[in-house]
Amino acid sequence: MTFQPIKASGNSNYDTDESVIVETRPKTRKPPLYKILLLNDDYTPMEFVVLILERFFGLNHAQSFEIMLTVHQKGVAVVGVFSQEIAETKVGQVMDFARRHQHPLQCTMEKE
Ligand code: TYC
């Protein structure tokens, strides 16, 4: 952990050095974010992928269709960026939904 010196204002110190550390405060760190990736396969129906993007990622039909097509053409696309807990939940929901419908769709997450 790193510490930021906080400079004393006024200088009523006897010390000859003008900058006196009077307090330390831990620098705060933003929690890491995770990208959720959707992978292409040859079997999952396009409409099913669109449904997943609408249902679990709150995208409208046009946005969902566009991302589905990007995955279909390029092999992979980022569908959203979330905190670790939210990303884990969404990946689980997608994988579970695909498995229950017997589609081989794969969804993963990776640290940004
Ligand atoms: N390639 C699939 C098909 O032609 C469609 C598809 C798109 C599958 C995106 C998975 O993440 C995916 N039916």
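Just follow the structure's listing: the first ligand is 1, and inside any ligand the first atom is 1.
At the top of the distance list for atom 2 (C) of ligand 1, counting protein heavy atoms only, stands D41 O, 3.2 Å. Considering only non-hydrogen protein atoms, atom 9 (C) of ligand 1 sits nearest to V71 CG1, 3.6 Å. Shortest contact from atom 3 (C) of ligand 1 to any protein heavy atom: T44 O, 3.7 Å. Scanning all protein heavy atoms for the shortest distance to atom 4 (O) of ligand 1 gives H72 CE1, 3.1 Å.
For the pair M68 and E47, the minimum side-chain heavy-atom distance is 4.5 Å or more.
Side-chain N or O atoms of K111 include none that pairs as donor or acceptor with a backbone N or O of P32 at under 3.5 Å. Side-chain atoms of Q63 come within 3.5 Å of backbone N or O of N60 as a donor-acceptor pair.
By heavy-atom distance, the residue among T70, L39, N40, V50 lying nearest atom 11 (O) of ligand 1 is L39.
Classification of the F97-H101 ring pair by plane angle, with boundaries at 30° and 60°, yields tilted.
Residue E66 qualifies as open at atom CD: its count of foreign heavy atoms under 6.0 Å is 12 or below.
Residue-ligand proximity, L105 to ligand 1, at heavy-atom distances under 4.0 Å covers atoms 10 (C), 11 (O), 12 (C).
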